[in-house]
Every structure is written in structure tokens, then in C-alpha cells.
Amino acid sequence: MALRFFNTYSRTLEEFQPLDPEGKIVKMYTCGPTVYSRAHIGNFRAYIFEDLLQRHLEARGFNVNRVMNLTDVDDKTIRGSRAENLPLADFTAPFKEAFFQDLGTLEIKSPNEFPAATEDRYIAAMIAMISILIERGLAYQADDKSVYYRINRFPNYGHLAHFDLAELRSTGRVKSDEYDKEHVGDFALWKAWDEEDGDVAWESPWGRGRPGWHIECSAMATSLLGEQLDIHCGGVDNIFPHHEAEIAQSEGCSGKAPFVRYWLHCAHLLVEGEKMSKSLGNFLTLPDLLAKGYTGREVRFALLRVHYRAPLNFTWEGLAEARQALSRIDEWLRRLRETARLTSSPNESIERDNFAAALDDDLNISAALGELFEQLRVSNRELDESMKPERALAWLQWWEKINRVLALETSEEKVPPEIEQLVEKRKQARQARDWQRSDELRDNLRDLGWDVRDTKDGQVVTRRAGA
RNA sequence: GGCGGGGUAGCCAAGUGGUAAGGUCGGGGUCUGCAAAACCUCUAUUCGCGGGUUCGAUUCCCGCCCCCGCCUCCA
């Protein structure tokens, strides 16, 4: 089956075909975090979905050039820096750092570029774009000195979100500048400096000020990837106004459409059935989960296993399920490796491609995982009936291909000497058929965070999940 | 009010116009000194509700209900 994705723009499944004439390079832009606080697991659901997308494209032979921006200037970052009495850059730096750290913990591939909005070259690019928009009559400076996009002059405005301009109404969520704007829906490209901005300001042809939110993504995306992109992702809440504005700005400047060939949006995350919010006390960050003993891969699996367009209900029970499923994979790999140890010559291979085929269908991760677990059972059965080392090696190679996409494998933890000693003692007790002593030592080991099991080949010691 | 997404077993979740993958939990079994792991087996006459089309619908059409989100700076 051909690779296809659900394009928000057309609201249909479309076969994927990159712009690159060779059909090789994929230009992908993903909206990154606003660095005013630690990113929460809802944010990471989106980034993990994007990671899965990138990895699967790579598995299918594409060369993905991915950009993820960092929004390091906006109302919230400015507010935060003032509250802490820090220069803006000093306020945002630790959040950038924390973000990179979390990406690492979750095995999210680093994008090729991490442009930040405040970098000189992008501020310059934004100013250049705004100038062009003004020249073309697509933007204007209002009485409040800010520059706004004139949405009435961009006929396509509203297409992505399926919004009718006449029906846009203010939710009052944002300070209303309606008196200065020609249309309520006109959005800021350049915000004139005001007192609350403190020393956060750049010079521009329209006076001191700072960029509006939307323009940064247009500027960074087109600077790094060109005027037209293959894929642009984000959470569904970004469809409007953010991505709608990006289309208006980018196409308004380049005159080329479409700005983006495939828009992919991921649904939100709920926590225990409720929206995550600080007031509900269910606002979770990665360190919160790590502190409870969960690992990055367990969180990754819990966030990965639901299709990206379906809402994902994050629960503690779900994390426990993830842990259980992963330890099954670990045990399976341990057995395969043990069997494969006796050979190094792969002379057969497992030709089953259903995993990747499932992902071809708009990243159907559930079907893909279904296939993985089905084959896991098949191969476990083969192991039970004594498997040849070459066969085990073939299964391991099958897994490696899959794991390049899932990124769920951890390096095995070495058994420390003191644990080895207890295991040795237990071995002796068992040889003496001293079951009481044997069970005692097993309990000791468990308390120390190690599981020990008896198999026909002797004791098997593994690290306890969550220990 | 407008625009989306979703409602499938205790929980999570695929799926097809022809009779419900997979994960997890729980019951039974094989194995084991006991466990554990692995495997086998059982657990939805039924897919939010009501109509319609059809030989046949969870799947297509119509209407309704519920949940979540967006409607100007939230992934």
C-alpha cells in the first residue's frame, strides 16, 4: 500500500509524494515549544508523534530534513522574565536546556535545526517578510503602531481551519485591539513596544517592537527549508490561528502555493480523562513521571501507542500497561540474544513487513504494534520449541528494523558484583536443595531491585521495572 | 452557534459490506521444589442510540445523544 497521510488542509487521506523531483528529500517543519516553563507530557505527545513520522519516513528511504523552532519571545516569556527579574535570554535558557534533556530521555530524534525566534537572522527575516507584505497591501501599520495582516486581502484565509471569516468572534482570551484593526481577525505581525515589554525590543522600519507569534514560524521555515515545505506538524490547537496565519504570511510573500503540501495535526492528551491544567493538579512533566520511577521509554511507549489523531487519555494504569508490554519485549529479546549468541552468520531473514505497512496507512501505530506482538508470540513459541541460533539472529534483525522506528530498546543494565554474589549463593543453596534459603535469597534480591527466575538453563537475573 | 476529532470487552485500542487484531487485567492449564517467564486456553451473539439501504452493517446513508478540542498568541 502506498504511504498516505491525513492532510488537515483537504481533510482527506492523501498519498505522500515529496516536492523533491527525486522523491527522496522530505522537508518537514514542526512547531516547537514556547520556552517559558517546562514542557508537559501533552507537548511531548506531539513531539513523539512527529518523531514517529520522521522515523517511519526514514525507514521508507526518505531523507528527512526536519526543523523545530523554539519560541523564545512572546507574552509569556516576557512576563516570566520580568517576574524573575532576568534578561529574557537568561530566563529562557534553562527551559531550552530542559527541553533538550527531555527529548533525549524520550529518544526523540534531534531535528536538523533548532532555530530560535530571537536569533538575529530570523528577526531580520521576519522584518523582511513583513516589509513585503506591506508592499503588497497584505499588511498595514495601525494607529497603535503595530503592524497587522489584512486577512480580507488573502482570499484563502480560513481554508485550513474551515472557518468563515464573517463568523470569527472574539473569545476575549486576548487583549482586544479592535479599535486599531481593520478587521477583528487581523493578526499582529509586528507588535509595537509597550511598557510591559521592558527591554525586549528590536528596531524595525515601523519603530521599536517585537515580532508577532505567527511570523516567526513563516520566517524560520522558509529561511531553512525554502518557500514550500512537504510536511508541517503541530497540535490541533495550532490549526487556528497559528497555521492559518503561517499560510497567509508565507504564501503572501512567496506568491507560491501551497506553502505546505501536507498538514498533519495531532489530537490532544487528556490526563485521567480530564484536560491537563495546573489548577486540576494533573499537569505532568517528564521529571514528574521519572520521579515516580517510570523510565523515558515507558513514557515514550505510553504516549506512542495511540493513533495520533485520536485523543490520548494518559493514565497511571496506562503507564503500568506500557511497562508490562515493554518487559515482555525485553524478555523476548533476552531469549533471542541468548540463543543467537552461538552464531554470527545470518543465513536467513524474516520477511514480514506488516509493521511498516501498517504505518504507511497514516501511521497506524496500533495495527503496527498488533503485528509486533503477534510475531513476538510466534517467535516465542519457536523459542519454546528450541530455535536455531541463525533463526534467532534473523528475528533480532527483524526487530532492529522495527526498533529504528519505535526506539524502545534500552541498553541492558549490568548486574553488579554484590548481586552476582547473592545469585551465586542462591545457586549453591539450590544445589543443596535448600529451598528455604533459595527463596530467602530470591526475596533479598527482589528487595534490592532484581528479579531472579529459575529456568532449565539456570538462574536468570533481570532488573526490576520501576526499581 | 460555527468547525474538527472521538465513542468497539474491566481498562487501552485496531478493523472490514459477510460476521470482531493486539496490549493490559482476571480465571483455568502446561512447565516449576515453589515461583517467575513463556506457551495454551477462557473472557464483546456484539461495536453510543434510533431509523434506513442491503441477502447481510460495527463498517454505507439519515437523525439524535455523549466526550474532547478550536473559534486570534495553548502541542
Side-chain angles (χ1 to χ4, degrees), chain A residues 6 8 11 30-34 39-50 71 74-76 149 151 158 161-164 166-177 181 184-188 191 212-214 216 233-242 244-245 265-270 273-277 301-302 305-307 309-315 317-318 320-325 327-328 331-332 334-335 358 361 364-374 376-377 380-381 383-385 430 433-436 438-439 442 446 451-456 460 462:
Chain A
F6 185 85
T8 308
R11 312 271 168 171
T30 51
C31 281
T34 300
H40 55 70
I41 57 169
N43 300 121
F44 285 110
R45 195 241 169 140
Y47 305 139
I48 286 174
F49 141 64
E50 290 154 3
T71 298
D74 80 321
D75 290 353
K76 284 176 298 206
Y149 197 101
I151 59 169
H162 289 199
F163 281 166
D164 184 346
E167 282 173 4
L168 287 184
R169 63 185 201 193
S170 176
T171 51
R173 210 170 65 174
V174 165
K175 179 177 71 176
S176 176
D177 298 320
K181 295 196 286 188
V184 225
D186 289 352
F187 56 88
K191 303 181 103 165
W213 176 39
H214 315 302
E216 69 172 63
C233 307
V236 284
D237 51 344
N238 272 164
I239 295 172
F240 193 91
H242 188 53
E244 196 73 59
H265 291 98
C266 106
H268 270 187
L269 176 94
L270 297 175
E274 291 182 299
K275 185 175 174 165
M276 186 164 33
S277 75
F301 188 74
R305 63 187 183 138
V306 176
H307 183 82
R309 279 192 292 122
L312 166 56
N313 189 15
F314 185 87
T315 61
E317 198 184 343
E321 279 179 29
R323 167 170 292 175
Q324 204 46 48
S327 65
R328 233 180 112 201
E331 176 61 13
W332 171 66
R334 198 196 57 72
R335 291 178 80 192
D361 184 18
N364 189 341
I365 187 68
S366 302
L369 290 173
E371 168 67 9
L372 168 62
F373 283 103
E374 228 159 299
L376 195 141
R377 181 152 31 79
N380 263 328
R381 210 179 294 148
L383 280 162
D384 280 353
E385 290 161 8
R430 295 180 64 72
R433 304 187 71 81
D434 182 351
W435 306 127
Q436 202 184 332
S438 167
D439 292 351
R442 183 165 62 195
R446 180 171 306 147
D451 280 328
V452 57
R453 304 195 306 271
D454 302 302
T455 71
K456 62 180 183 338
V460 170
T462 49

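Per chain, numbering begins at 1; letters A, B, ... match sequence-line order.
- Spacing of C1' atoms, B/A13 relative to B/G51, comes out at 29 Å, to the nearest Å.
- Within 4.0 Å of A/I365, counting heavy atoms only, lies no atom of the nucleic acid at all.
- A cation-pi contact, defined as under 6.0 Å to the ring centre and within 45° of the axis, is absent between A/R45 and A/F314.
- Look at CG on A/D451: it is 11 Å from C1' on B/A35, rounded to the nearest Å.
- Of the candidates B/C3, B/C39, B/G15, B/G15 carries the atom nearest the A/D361 side chain, counting heavy atoms from C-beta on.
- Within the 4.0 angstrom heavy-atom criterion, no nucleotide atom of any strand lies near A/F49.
- Nucleotide B/G1 has B/C71 as its partner under the Watson-Crick or G-U criteria, with both atom distances under 3.5 Å.
- In this entry B/A14 has no Watson-Crick or G-U wobble partner, no candidate having both defining distances under 3.5 Å.
- Using a 4.0 Å heavy-atom distance criterion, A/G234 is classed as a sugar-phosphate-only contact.
- When each of B/C74, B/C12, B/C71 is scored by its nearest atom to the side-chain atoms of A/F163, the top-ranked nucleotide is B/C71.
- B/C64: Watson-Crick or G-U partner is B/G48, with both key distances under 3.5 Å.
- The backbone N or O of A/A161 lies less than 3.5 Å from a partner atom in the side chain of A/E244, making a donor-acceptor pair.
- Residue A/N380 is in sugar-phosphate contact alone, with no base atom involved, counting any heavy-atom pair closer than 4.0 Å across all strands shown.
- Residues A/T462 and A/R453 meet the side-chain proximity criterion, which asks for heavy atoms closer than 4.5 Å.
- Atom CG in A/L376 sits roughly 13 Å away from atom P in B/G22 (whole-Å rounding).
- Between the CG atom of A/L270 and the P atom of B/C70 there is a distance of 11 Å, rounded to whole Å.
- Heavy-atom distances to RNA chain B give each of A/L312 and A/R446 a nearest nucleotide, and the one nearer the 5′ end belongs to A/L312.
- Residue contacts shown for A/T8 are absent, as no nucleic acid heavy atom lies under 4.0 Å away.
- For A/R446 and A/D439, the salt-bridge test fails: no basic side-chain N is under 4.0 Å from an acidic carboxylate O.
- The CG-P distance, from A/L369 to B/A13, rounds to 13 Å in whole Å.
- Contact annotation: A/R377 side-chain N/O to B/G22 OP1/OP2 distance is under 4.0 Å.
- Rounded to whole Å, the distance from CD1 on A/I41 to C1' on B/C74 is 15 Å.
- With hydrogens and angles ignored, no donor-acceptor pair under 3.5 angstrom links the side chain of A/N43 to the base of B/C74.
- The side chain of A/R328 places an N or O atom within less than 4.0 Å of a non-bridging phosphate oxygen (OP1 or OP2) of B/G23.
- A straight line from CZ of A/R430 to P of B/G33 spans 8 Å, rounded to a whole angstrom.
- No hydrogens or angles were tested; on distance alone, a donor-acceptor pair under 3.5 Å links the side chain of A/E317 to the base of B/G10.
- Using a 4.0 Å heavy-atom criterion, one finds that A/R381 contacts the sugar-phosphate atoms exclusively.
- Within the nucleic acid shown, A/H40 comes within 4.0 Å of at least one base atom, counting heavy atoms only.
- The listed nucleotides are B/C68, B/C12, B/C3; the one nearest the side chain of A/E321 is B/C12.
- Of the candidates B/C70, B/G6, B/C12, B/G6 carries the atom nearest the A/R309 side chain, counting heavy atoms from C-beta on.
- Across the C1' atoms, B/C74 and B/G69 are found 11 Å apart, a figure rounded to whole Å.
- When the nucleotides B/C3, B/G33, B/U24 are ranked by their closest atom to the side chain of A/Q324, B/U24 comes out on top.
- A gap of 47 Å separates the C1' atoms of B/U32 and B/G48, to the nearest Å.
- Using atom C1' as the reference point in both B/U24 and B/U43, the two lie 13 Å apart (nearest Å).
- Rounded to an integer number of Å, the gap from A/F6 CZ to B/G5 P is 5 Å.
- For A/E385 and B/U30, the CD to P distance is 18 Å, given to the nearest whole Å.
- Put simply, the side chain of A/R11 gets close to the backbone of A/T8: a donor and an acceptor are under 3.5 Å apart.
- Stacking is not found between A/F373 and the pyrimidine-like six-membered ring of the B/G22 base under the 5.5 Å centre-distance and 30° plane-angle cut-offs.
- Looking only at side-chain heavy atoms (C-beta outward), A/D434 and A/Q436 come within less than 4.5 Å of each other.
- As judged by a 4.0 angstrom heavy-atom cut-off over every strand, A/F187 is placed among the base-contacting residues.
- Under the Watson-Crick or G-U wobble criterion, with both distances below 3.5 Å, B/U32 has no partner in any strand shown.
- Within 4.0 Å of A/H162, counting heavy atoms only, lie sugar-phosphate atoms of the nucleic acid but no base atom.
- Looking at A/D361, its side chain never comes within 3.5 Å of a backbone N or O of A/N364 through a donor-acceptor pair.
- Among the protein residues, A/N364 comes within range of the sugar-phosphate backbone only, with heavy atoms under 4.0 Å from sugar or phosphate atoms but none that close to a base.
- Comparing B/U59 with B/G18, their P atoms are spaced 12 Å from each other, to the whole Å.
- Distance check on atom C1': B/G52 versus B/G22 gives 34 Å, rounded to whole Å.
- Under the Watson-Crick or G-U wobble criterion, with both distances below 3.5 Å, B/A21 has no partner in any strand shown.
- Donor-acceptor pairing under 3.5 Å, judged by distance alone, is absent between the side chain of A/R453 and the base of B/A35.
- In this structure, A/H214 and A/F187 have perpendicular ring planes: the angle between them is above 60°, well past the 30° mark.
- Salt-bridge annotation for A/E331 and A/R334: present, with a side-chain N of the basic residue lying under 4.0 Å from a carboxylate O of the acidic one.
- With contacts defined as side-chain heavy-atom distances shorter than 4.5 Å, the pair A/L369/A/F301 qualifies.
- Spacing between B/G33 and B/C25 at atom P, rounded to whole Å, works out to 26 Å.
- When each of A/R442 and A/F44 is assigned the nucleotide of RNA chain B bearing its nearest heavy atom, the one mapping closer to the 5' terminus is A/R442.
- Nucleotides B/G29 and B/C61 are separated by 48 Å at their P atoms, to the nearest Å.
- Between A/K456 and the phosphate of B/C31, there is no side-chain N or O to OP1/OP2 separation shorter than 4.0 Å.
- Within the 4.0 angstrom heavy-atom criterion, no nucleotide atom of any strand lies near A/R433.
- Between B/C74 and A/N238, no contact under 4.0 Å exists linking OP1 or OP2 to a side-chain N or O.
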